[in-house]
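Values below: all heavy atoms of this structure, side chains included; hydrogens, waters and symmetry mates excluded. Throughout, residue positions are numbered sequentially from 1 according to the sequence presented.
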Amino acid sequence: DNQAVIADAAAIPPLVELLASGTAVAKVDAAATLWFLAYASDNKAAIAEAGAIPLLVAFLTSGSVRAKGKATAALWNLACGSSANKAAIATAGAIPPLVELLTSGTAVVKERAAGALQCLAANSENKAAIAKAGAIPPLKSLTESGRAGERKRAARALRRLGYVS
């Protein structure tokens, strides 16, 4: 698969460098590429180890609408299936801006933010931080008035937040 070939070619560190110092367009493209590379479980740790997480989190508050969308999707993929990344994403400060995007983002960004919070909530410390950040009211609102994808992701995030292990 090409995701493995790209990672094996050592393309992840230069993509992360683009996140840090590329043009605005290059940063969005790098975030989008990392989003797709993070679908492969083997790439999740390499992306995190290359330093992408804090850079992606920074886009949640200071990036363009497109950057926010790509960064949110990348963080969602990085969080799902990786306990280490769930903790690293929360430590990098992603939870409050993801909660903010539930109300201020585009419909696509809202859905991706709800998805990221759903995955992050699999960690018990994150679950408490997500609730403390005020996620429950906007997630509830999305289940009532969001588009189909937003409703589905918001409902799943609420389910994960309410799950007691």
Can you tell me how far the [atom1] atom of [X] sits from the [atom2] atom of [Y], to the nearest 0.5 Å?
X	Y	atom1	atom2	result
N126	L117	CG	CG	9.5 Å
E125	T91	CD	OG1	9.0 Å
I89	L98	CD1	CG	8.5 Å
I130	Q118	CD1	CD	10.0 Å

Hydrophobic cluster identity match, L101 and L158, side-chain contacts under 4.5 Å:
yes

Starting from V57, can I reach W76 by hopping between I/L/V/M/F/W/Y residues whose side chains sit under 4.5 Å apart?
no

Where do A113 and L102 come nearest, in terms of heavy atoms and distance?
CB-CD2, 4.0 Å

L56 and A74 have their tightest heavy-atom pair at CD1-CB, 3.8 Å

Among pairs that include at least one residue of residues 120-160, which meet disulfide bond (SG atoms under 2.5 Å apart), considering only residues two or more places apart or in two chains?
none

Pair listing, disulfide bond (SG atoms under 2.5 Å apart) test, anchored in residues 75-131, at least two apart:
C80-C119

Side chain to side chain contact (heavy atoms under 4.5 Å, CB included) partners of [X], counting only residues at least two apart:
X	value
A88	I53
Y39	Q3, W35, F36, N77
S41	K44

Under the rule for side-chain hydrogen bond (donor to acceptor under 3.5 Å, both in side chains), what residues qualify as partners of E17, not counting sequence neighbours?
S21

For S83, give me all partners under side-chain hydrogen bond (donor to acceptor under 3.5 Å, both in side chains), at least two apart in sequence or on another chain.
none

Filter on side chain to side chain donor-acceptor pair (under 3.5 Å), then keep only pairs touching residues 53-64, sequence neighbours left out; what's left?
none

Quick test of your reading: applying salt bridge (charged side-chain N to carboxylate O under 4.0 Å, His left out), list the pairs with at least one residue in residues 135-145, sequence neighbours left out, ordered by first then second residue.
K140-E144

If the condition is salt bridge (charged side-chain N to carboxylate O under 4.0 Å, His left out), which residues does K132 pass it with, not counting sequence neighbours?
none

Side chains of residues 25-34: which donor-acceptor partners sit under 3.5 Å, not counting sequence neighbours?
unit_1 : atom_1 : unit_2 : atom_2 : d
T33    : OG1    : D29    : O      : 2.9

Taking transitive links into account, so neighbours of neighbours count too, which hydrophobic residues share a cluster with V65 at under 4.5 Å side-chain distance?
none

